Amino acid sequence: MDLTLDKQTTTALCQSGFTPGSVLMKRYCIHRKLGSGSFATTYLVTDSRDSESQKVIKRIPCNNVKADATLPSATEAKLLGSLSHPFIVRYLGSFLENEDFCIITEYCEGGDLHDHLHQLKDKGLALSEGHVVEWFIQLLLGVNYLHERLVMHRDLKTKNIFLKNGTLKIGDFGVSRVLVSSDLATTVTGTASYMSPEIFTRDGYNSKSDIWSLGCILHELCTFRRAFDCSSWIKLVTMIVNDPCPNLPSRYSAELNDILQRMLSKDPELRPSAKDILNFPYVIDRAKVIAEWLQEVLNHDNRVSVNEDAARIAAAMQEKLHLDSLRAIRMVQEMAPRQRRRIRQEDHPETYMRKIKRAVERVYQENHQKLDDDKKYEINKVNVCREEEDSEEEETNTGSVFTISLPLSEQQSNTLSAYQSCLRRFLDSDTETPGIQDTISPASEEGTLTDCNEEEIAFLKQNCIRLLGEEGFLEVYHYLKQLYNQQDMGTLDREEETLCEPQVIKLYPHHCYKVQQLLFLEERMEMDGNSYFSWL
Ligand SMILES: Nc1ncnc2c1ncn2[C@@H]1O[C@H](COP(=O)(O)OP(=O)(O)OP(=O)(O)O)[C@@H](O)[C@H]1O
């Protein structure tokens, strides 16, 4: 891998402490910085103990929190490590590097969905319904997998979904809770837009809250806009709690719009589970089309590979015969004139070799032609499938989710095979397994990624103070706490509340989400019977 980095990247890496080319844990070589979030810096690395494969290391400074306290508990780490699904970013482990907590995950070369949608929007493109539904099904399968294991993501947003080989992968879950500081470390960074009404009305988080967030993502896939968005925190909250669910543009089907409306029901009980949605006839029909298409591609890929092997064998045979004939000619040249005359009379061996060579060449040409024809046929067929599927839809553009050219690369083939078997498993399972209980008591479920502790709350508070200053923090904290305690969010008068909003909330709405989350965590600790953690 080329480790030459530009000056800017090198400077950024040096400033962040991990220099290019430096090696962590005697195996992870830092290649480049992928970006920084509010709590972590993320790097692309190569793993010398795994055929130089590319991986991602997320480095989270522990600040003043004791390093030990940042380590995920054994159960949680075990749980994260045990999750293995084609549409979930694989968690590969964690380690402490000096004062920093580092987690290793698989690398998704396509970056995150948030950036991807922005790029499409900038180009004036839109996603076809076929494309949206295919990605939506992948997310549903991933969320269903988590929920069946009683794991809630709690921070589903386009920034936490990644693209790999054309498929989507849910990432950063558990990271928000399991890895240091506060389960809301990532949740709060401008992501209140994806939070469900029950979080604000203090009914607690449950699996249906993930469904709400997934609904917001579905809306974003179709419109490139957030379903609920506003720079004022209070306005945003009241929008989420009170405003009706937005409709999809008319180019999307009524069925898809209906699914969105159900996912964004204000009452979590009315929201379908991921499993329910996967069982909607509209979704099943789509899933079947995709499964058949995948089967076809994989079968053809197999045939092309077999033909390629045949062509390779024919080429090798041809080469061998060529060498043999050269050897034979040399032998003849080295013979005495009398011997050569006799061999010529016997029509041997050159004529014989020439005949064989011609025959092999013919087989080789035929194989080659067949291979070319097959490739053309398969690629056309793949495109036709996609066009046919998309042609019913009114759309600005798109192309297919996969850019396929046969034969598939090993990675593509693995991705498509995993995708195919995941879909097949789902389509073939006619027994309805019960969905996750609607209300999981977060802290009481062993193995769920949900409980919080004082260390985390302290860390979140430190960050709030760092971002808002002591005075600003206290002002926001008091204001929101008052609001939280006295008001029923469902009946807030939007205009009136906005007028009383401290200036600091208007200036730094994103930072104020963290304070809101702090209150939320404090309250949950109280509810869980933990000692009330008050700073004031
Ligand atoms: N597994 C991954 N594969 C590819 N890119 C990744 C992966 N994980 C993170 N990234 C990219 O690294 C960058 C930094 O990610 P990070 O999670 O540190 O911050 P963020 O998500 O941008 O912000 P925040 O954590 O505050 O929400 C982002 O551009 C993200 O797309």
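These numbers come from the heavy atoms of this one structure, side chains and all, not from hydrogens, waters or symmetry mates. No experiment lies behind these values; they were computed from the predicted model shown. Every number for a ligand or one of its atoms is a count from 1 in the order of the listing.
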Peer 1: List for me each residue that meets side-chain hydrogen bond (donor to acceptor under 3.5 Å, both in side chains) alongside Ser413, sequence neighbours excluded, and say none if there are none.
Peer 2: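 With sequence neighbours excluded, Ser413 shows a side-chain hydrogen bond (donor to acceptor under 3.5 Å, both in side chains) to no residue whatsoever.
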Peer 1: Is Lys164 near ligand 1, meaning one of its heavy atoms is under 4.0 Å from it?
Peer 2: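 No, that is not the case, since the closest heavy atom of the residue is not under 4.0 Å from the ligand.
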Peer 1: So for ligand 1, is Thr42 a polar contact partner (N or O within less than 3.5 Å, distance only)?
Peer 2: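 Yes, Thr42 has an N/O under 3.5 Å of an N/O on ligand 1.
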Peer 1: Return the minimal non-hydrogen interatomic distance between Ala274 and Ile211, and the atom names on each side.
Peer 2: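 So the two residues come closest at N-CD1, 3.5 Å.
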Peer 1: With sequence neighbours excluded, what pairs up with His85 under the side-chain hydrogen bond (donor to acceptor under 3.5 Å, both in side chains) test?
Peer 2: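 Counting only residues at least two positions away or on another chain, His85 forms no side-chain hydrogen bond (donor to acceptor under 3.5 Å, both in side chains).
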Peer 1: Output the list of atoms in ligand 1 that are nearer than 4.0 Å to some heavy atom of Ala40, sorted by atom number.
Peer 2: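 Taking each heavy atom of Ala40 in turn, ligand 1 has 18 (O) under 4.0 Å.
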Peer 1: Taking distance alone, with no angle check, do Asp115 and ligand 1 share an N/O pair under 3.5 Å?
Peer 2: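 No, no N or O pair falls under 3.5 Å.
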Peer 1: Is the closest N or O pair between Thr41 and ligand 1 shorter than 3.5 Å?
Peer 2: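 N/O-N/O distance below 3.5 Å does not exist for this pair.
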Peer 1: Ignoring angles and geometry beyond distance, decide whether Cys108 reaches within less than 3.5 Å of ligand 1 through its nitrogen or oxygen atoms.
Peer 2: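 Yes; the residue has a nitrogen or oxygen that sits under 3.5 Å from a nitrogen or oxygen of the ligand.
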Peer 1: Do Val56 and Ile104 come within less than 4.5 Å of each other through their side chains, counting heavy atoms only?
Peer 2: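 Sidechains of Ile104 and Val56: no contact.
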Peer 1: Can Gly171 be said to touch ligand 1, with heavy atoms closer than 4.0 Å?
Peer 2: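 Gly171: no contact with ligand 1 (<4.0 Å).
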Peer 1: Are any of the side-chain nitrogens in Lys266 or Glu198 under 4.0 Å away from the carboxylate oxygens of its partner?
Peer 2: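 Salt bridge flag = no for Glu198 with Lys266.
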Peer 1: Heavy-atom contacts under 4.0 Å between His114 and ligand 1: side chain, backbone, both, or neither?
Peer 2: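 Neither part.
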Peer 1: Can you sort out which atoms of ligand 1 are near Val56, meaning under 4.0 Å from one of its heavy atoms?
Peer 2: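 In order of number, 1 (N), 2 (C), 3 (N).
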Peer 1: Suppose we call two aromatic rings close when their centres sit under 6.0 Å apart. Are Tyr194 and Phe228 close by that rule?
Peer 2: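 Between Tyr194 and Phe228, the centre distance exceeds or equals 6.0 Å.
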Peer 1: State whether Tyr145 and Arg149 meet the cation-pi test: NZ (Lys) or CZ (Arg) under 6.0 Å from the six-membered ring centroid, and within 45° of the perpendicular axis.
Peer 2: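 Ring-cation test returns yes.
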Peer 1: Ion pair present between Lys275 and Glu148, side-chain N to carboxylate O less than 4.0 angstrom?
Peer 2: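 Yes.
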Peer 1: Does Leu44 approach ligand 1 within less than 4.0 angstrom via side chain, backbone, both or neither, non-hydrogen atoms only?
Peer 2: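 It is neither part, as no heavy atom is under 4.0 Å.
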Peer 1: Does Lys169 come within less than 4.0 Å of ligand 1, judged by its heavy atoms?
Peer 2: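 Contact check Lys169 vs ligand 1: negative.
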Peer 1: Does the side chain of Leu260 reach to within under 4.5 Å of the side chain of His219, using non-hydrogen atoms?
Peer 2: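 When only atoms from C-beta onward are counted, His219 and Leu260 do touch, with a gap below 4.5 Å.
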Peer 1: Less than 3.5 Å between some nitrogen or oxygen of Ser36 and one of ligand 1, yes or no?
Peer 2: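 Min N/O separation from ligand 1 is not below 3.5 Å for Ser36.
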Peer 1: So is Lys58 polar-close to ligand 1, meaning N/O to N/O under 3.5 Å?
Peer 2: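 Yes, since at least one N or O of Lys58 sits under 3.5 Å from an N or O of ligand 1.
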